[in-house]
Engineer: 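Sharing a structure, written as structure tokens. Questions coming.
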There are 2 protein chains.
Amino acid sequence: MTTETTTKSKQAPAQFAGVAKLDQQLCFALYSASGLMTRLYRPLLDPLGLTYPQYLAMLALWERAPSTVGELGEALGLDSATLTPLLKRLEAGGLVTRRRDPADERRVLVEPTAKGQALREQAKSVPAAMLCNLPLDADELKSLHRTLTRFVSGLRKADAGAANRS
Amino acid sequence: MTTETTTKSKQAPAQFAGVAKLDQQLCFALYSASGLMTRLYRPLLDPLGLTYPQYLAMLALWERAPSTVGELGEALGLDSATLTPLLKRLEAGGLVTRRRDPADERRVLVEPTAKGQALREQAKSVPAAMLCNLPLDADELKSLHRTLTRFVSGLRKADAGAANRS
DNA sequence: TACTAAACAATCGTGTACGATTTAAATGGA
DNA sequence: TCCATTTAAATCGTACACGATTGTTTAGTA
């Protein structure tokens, strides 16, 4: 509890200490929630042969195919270093195809196969099953989602700013 | 858009479809928020030579040392398969020591070194800097934290239940 | 006391994540 | 047209993350 002036140089509010601690707890809560959620998805996705990130990729592809790796990355917030091997695993599992875009050989087009499309039917029961795991009622879920959405879009802006600055 | 009865077997509420979609979005929002947050911590933690999980481990150790691997795992929600290599990296960096508990040779006691303690001073400026990145005001942060905390503790219960059932 | 069961950390295999670099293709001026 | 620049994906190295298994130590019980 050393009374130091380090924080004075920042334009921090008066009640800094408390809020800073809160931010730390908030960040940890987000980190924990994300991890727990992934764990709870596992028993639902195992029968489909998907991991949670793979499930997200399939959701994106079911919405819009073909998609380029870049578009998927934009949608999921992942870069090619993560997506390329993930998509290769989906391809190895026979769920998607990957091919160079003839119109622009730099791009790679990803598309569900018939098997990948068929999986969509099985996957339909996942959200309902997951919902049973979520400990809040519908109103609370809605409120949490609203706040989180604003939070995420704000963070995205901050992240883009940080990227530009480098 | 096949009208099927698959979901009728679940005891789902009438407005199932909408809520289920929401849950999907909520889970994705959590996933995104967690990833973005980790990215925003990086420039703050790089000067300290820590990753975000390593920072969490040090926070736990600054609060309570020595801790066993199991206690750290409980606090952070990680298992030994994740923690052991992480702690070995912290040890290699000279920030912690690891030794078998003489009173119970199964346990391993982890403790910050002098260097690890010294790092605590540098780390004090991290929360304030991070706070500047967070896009919500103090009230919203508080509300989000409250909801998330309830959410996490509920998820933990669900997770424990799932573990017992297996 | 012997012997099984439980607890604990470590290890192995697989799958994200991402910064940094590389390779190839397209684009935009001089 | 030529060439530097930009864009897109892949690759490399490092670091989580976890299920399943292993090896060791302790605890519990007949």
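Owing to the predicted nature of the structure, the values given are computational and were not obtained by experimental measurement. Numbered from 1 within each chain, the chains take letters A, B, ... in sequence-line order.
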Engineer: What are the atom names and distances for every N/O pair under 3.5 Å that joins the protein to nucleotides 14-20 of chain D?
Structural biologist:
| unit_1 | atom_1 | unit_2 | atom_2 | d |
| --- | --- | --- | --- | --- |
| D/dC16 | OP1 | B/Thr51 | OG1 | 2.6 |
| D/dC16 | OP2 | B/Gln54 | NE2 | 2.8 |
| D/dC16 | OP2 | B/Arg89 | NE | 2.7 |
| D/dC16 | OP2 | B/Arg89 | NH2 | 3.0 |
| D/dC16 | O5' | B/Arg89 | NH2 | 3.1 |
| D/dA17 | OP2 | A/Tyr31 | OH | 2.2 |
| D/dC18 | OP1 | A/Arg39 | NH1 | 2.2 |

Engineer: Return yes if some donor-acceptor pair links the side-chain N/O of A/Ser34 with the main-chain N/O of A/Leu30 below 3.5 Å, else return no.
Structural biologist: no

Engineer: Reading DNA chain D from 5' onward, which residue's closest nucleotide shows up sooner: A/Lys88 or B/Asp101?
Structural biologist: A/Lys88

Engineer: What are the bounds, 5' to 3', of the part of DNA chain C that sits under 4.0 Å from heavy atoms of chain B?
Structural biologist: C/dA7 to C/dG19

Engineer: Judged by atom type as modelled, is there a donor-acceptor pair below 3.5 Å linking the side chain of B/Arg99 to the main-chain atoms of B/Val108?
Structural biologist: no

Engineer: Quick one: list whatever passes ring-ring contact (aromatic ring centres under 6.0 Å, His included) with B/Phe151, sequence neighbours left out.
Structural biologist: none

Engineer: Mark yes or no for whether B/Arg42, through its side chain, and B/Thr51, through its backbone, hold a donor-acceptor pair below 3.5 Å.
Structural biologist: no

Engineer: Using every non-hydrogen atom in the two residues, find where B/Leu155 and A/Ala33 come nearest and quote the distance to one decimal.
Structural biologist: CD1-O, 4.0 Å

Engineer: Quick one: does A/Thr113's side chain have a donor or acceptor within less than 3.5 Å of a partner on A/Gly94's backbone?
Structural biologist: yes

Engineer: Mind calculating the distance between CZ (B/Arg106) and P (D/dT25) to the nearest angstrom?
Structural biologist: 11 Å

Engineer: For the side chain of A/Ser143 and the backbone of A/Asp139, is there at least one donor-acceptor N/O pair under 3.5 Å apart?
Structural biologist: no

Engineer: Classify the nucleic acid contact of B/Thr38 as base, sugar-phosphate or nothing, counting any heavy atom under 4.0 Å across all strands shown.
Structural biologist: nothing

Engineer: With under 30° as parallel and over 60° as perpendicular, where do the rings of B/Tyr52 and A/Tyr31 fit, or are they tilted in between?
Structural biologist: perpendicular

